[in-house]
Enquirer: 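What follows is a structure written as structure tokens; I'll ask about it next.
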2 protein chains.
Amino acid sequence: MTKMSDVAKLAQVSTATVSRVLQKPETVKEETKQKVLEVIKKLDYQPNILARNFRRLETKTILVVMPSILNNVFSQIIVGIDYEATKSGYQVILGNTMQDEQRALGLINHLKQKQVDGMILLTARLDMNELVKISKEYSVVLVSDFLENKNVLPTIAIDNMKESYRITEHLIKLGHTKIAHISGPLDMSMSRDRLSGYQKALMDHNLPIEYGYLEKGDYSFQSGYDSMLSLMDLKCPPTAVVAASDRMAMGAVKAAKKKGVQVPNHIAIVGFDDIEFSKLFEPALTTVAQPFFEMGKKAMSILQQQIAGEQINNDIILLKSELKIRESCGFNLK
Amino acid sequence: MTKMSDVAKLAQVSTATVSRVLQKPETVKEETKQKVLEVIKKLDYQPNILARNFRRLETKTILVVMPSILNNVFSQIIVGIDYEATKSGYQVILGNTMQDEQRALGLINHLKQKQVDGMILLTARLDMNELVKISKEYSVVLVSDFLENKNVLPTIAIDNMKESYRITEHLIKLGHTKIAHISGPLDMSMSRDRLSGYQKALMDHNLPIEYGYLEKGDYSFQSGYDSMLSLMDLKCPPTAVVAASDRMAMGAVKAAKKKGVQVPNHIAIVGFDDIEFSKLFEPALTTVAQPFFEMGKKAMSILQQQIAGEQINNDIILLKSELKIRESCGFNLK
DNA sequence: TCCAAATATGTAATCGATTACATGTTATTA
DNA sequence: TAATAACATGTAATCGATTACATATTTGGA
């Protein structure tokens, strides 16, 4: 393997000069530079990245931590991250926690061991104290979920409360008064925000908040299915359901169909996320489309600033999302 | 940051001994070992991975190259890879080619620059000569797709021909005689195998192979949709369609519905892959389930053997897949 | 008890790029 | 022309773990 000293020897310069040609070309005389570049090409010299990383104590690699890449929502964010990362020569390492605390801690260790220059979290479900500590010492950005203590680390997300409010309001405007909610796990800030938005919409329109109309799911298809079965068993079942994810909405629709209840004729069901399959689903889901790609891009770009040592304020950056009105809410406007 | 020499000093030994405690503990006297381990714990010493990588000229990192992580098929394989990789301390780097030759070459460069110890390809759509060359020099494993020149690099896949044969035969046994095929891009070995299986099934059952019954898609929903429209426009349209992917099958179903043709009543449609939504789709897709997780695991384990320098024969390893008979083929056996 | 073999540990070179600092060279100005 | 600034290049230390080789210590056998 050709190394820098080989290039230096053949070009009759020092390794320092070769290095400068590569790092700060403007500090090298044109003539020398040309000579060195020629030799580099001739010997097909490639710098040893491992040596470079070691010397610089950086890896040009970032870690993305998420529950599982199987969830298409995360894949979409990752594509945005990857897009931005590639532009500036960063590599992206995958960290599936599989909801396992132990795995998550192992991943965080990569940061401590300087195996990666920074970390993007696609969910905040880690030990809170640990996270706060970590984010003080290393470059970390949070996407899509929030942290209890705001302003601890930069966060990219959408305004879950507002969007949840909007989609609930949409149902109200369609005439629904008995609206249920299938929430995500309430230890997630995101889930609570979506719940709040739903509740606020009801209150603002003078509708009662029925305790029985709140079902707690976990964003999975199955939990949507089960929750819907419970809702339909109520003495006075809802005529509309706001699910906190498309997967749960799909589960709910399937449950309704199973019981012979038609969507949207008998009951309106809306979701959240706008995953790939939502428009193919029958009925096509009315939902809130998140700008996943943009979120990923933005997160990566903030992370890079952090890594570069720029002063970052730990603001929450809210990106714009879009209400997608399709069939599952009834009154398809298409 | 504590370094090895700090530990050595405090433990009153040389760095060589500290290193040995970590690398080859059995060569160090019990007493010394204990002393060193104590100091390591006391100082919370973590070896500098960058220095180690540099010295060893390895990264404990592997690269997964695929068209796009958005495709759930790839995510599933990756989970298998990641599972196996994590077990032995490997990291997984994502390489989305986005179907862009340039990006693909950039990724391969990571191998050449020793930024990764090995590479797993989730598709063979790269420059063939380059690939053959690369695979001679570096550790590379191919998953799911095949290479023209067999036995160039280890390959993990399913028997596409056989499975395509089986699912086609299933339609024949249901009484269909006019069966069309929507293939993948025919520059992929995988696509050609699925086509061959379909053709062989027809021939073995003395059915004619109509040229008009072959539509070329690209595995996408849209191409399935478009292909189906063409098929329905034929003078004598097929009564069954074998699509080479579930996405295309879904596209085909949607196209059929759009034209008022019922599935499976008027026409049977089957797919390939068994992606997450295939069972939620209406009608639920009859399809071939691939053991993605296992494929990923196996690929990673072979790759590790290669990296470790073991002699690998470039066999094709075929894993077992399963015919999932659901609604879209009619005669639901459930 | 003595010596060879087996163990245990230390010394110092090494991996290859980077960079602070020193030195050398050219351009600029009075 | 001399003095200084500006530019160009070289020297050599550095990053921190690993390991070949050298040296020291212990063990076991005769």
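Lettering of chains follows the sequences in order, A, B, ..., and the numbering in each one begins at 1.
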Enquirer: Considering heavy-atom distances to DNA chain D, does A:Thr32 or B:Gln46 have its closest nucleotide positioned more toward the 5' end?
Expert: A:Thr32
Enquirer: Report yes if the side chains of A:Ile307 and A:Tyr90 come closer than 4.5 Å at any heavy-atom pair, otherwise no.
Expert: yes
Enquirer: Within residues 21-31 of chain A, find the residues that approach DNA chain D with a heavy atom at under 4.0 Å, and present them sorted by residue number.
Expert: A:Thr27, A:Val28, A:Lys29
Enquirer: Between B:Ser135 and B:Leu131, is there a donor-acceptor pair closer than 3.5 Å when you use the side chain of the first and the backbone of the second?
Expert: yes
Enquirer: Answer with base, sugar-phosphate or nothing: what part of the nucleic acid does A:Val18 contact at a heavy-atom distance below 4.0 Å?
Expert: nothing
Enquirer: Check nucleotides 14-16 of chain D against the protein and report each pair of N or O atoms closer than 3.5 Å, with its distance, or say if there are none.
Expert:
unit_1, atom_1, unit_2, atom_2, d
D:dT14, O2, A:Arg55, NH1, 2.5
D:dG16, OP2, B:Lys3, NZ, 3.0

Enquirer: For B:Lys114 and C:dA17, give me the distance from atom NZ to atom P, rounded to whole Å.
Expert: 12 Å
Enquirer: For A:Glu26, does the CD atom sit with more than 12 other heavy atoms under 6.0 Å from it, leaving out its own atoms?
Expert: yes
Enquirer: Where the side chain of B:Ser75 meets the backbone of B:Ile69, is there a donor-acceptor pair that is under 3.5 Å apart?
Expert: yes
Enquirer: Within this structure, what is the CZ-to-C1' distance between B:Arg20 and C:dT7, rounded to whole angstrom?
Expert: 11 Å
Enquirer: Using a 4.0 Å heavy-atom cut-off, does B:Gln12 contact any base of the nucleic acid, only the sugar-phosphate backbone, or nothing at all?
Expert: sugar-phosphate
Enquirer: Suppose the criterion is side-chain hydrogen bond (donor to acceptor under 3.5 Å, both in side chains): which pairs have a residue in residues 47-65 of chain B, not counting sequence neighbours?
Expert: B:Gln23-B:Arg56, B:Thr59-B:Asp117, B:Thr61-B:Gln91
Enquirer: Grab the CG-C1' distance between A:Leu50 and C:dT18 for me, whole Å please.
Expert: 15 Å
Enquirer: Less than 4.0 angstrom between a side-chain N/O of A:Thr15 and OP1 or OP2 of C:dA17, yes or no?
Expert: no
Enquirer: With heavy atoms under 4.0 Å as the rule, sort A:Ser19 into base, sugar-phosphate or nothing.
Expert: base
Enquirer: Are A:Glu38 and A:Gln34 close enough that a side-chain donor and a side-chain acceptor fall under 3.5 Å?
Expert: no
Enquirer: Figure out the CZ/P separation between B:Arg56 and D:dT19, and round it to whole Å.
Expert: 6 Å
Enquirer: Please check if the side chain of B:Thr155 supplies one atom and the backbone of B:Leu153 the other of a donor-acceptor pair under 3.5 Å.
Expert: yes
Enquirer: Please step through salt bridge (charged side-chain N to carboxylate O under 4.0 Å, His left out) for the pair B:Asp44 and A:Lys112, ending with a clear verdict.
Expert: CA-CA 12 Å; B:Asp44 188 27; A:Lys112 297 190 181 167; over 6 Å; no
Enquirer: What is the distance, rounded to the nearest whole Å, between atom NZ of A:Lys9 and atom P of D:dT9?
Expert: 20 Å
Enquirer: As an exercise, state the distance from NZ of A:Lys298 to CD1 of A:Ile81, rounded to the nearest 0.5 Å.
Expert: 14.0 Å
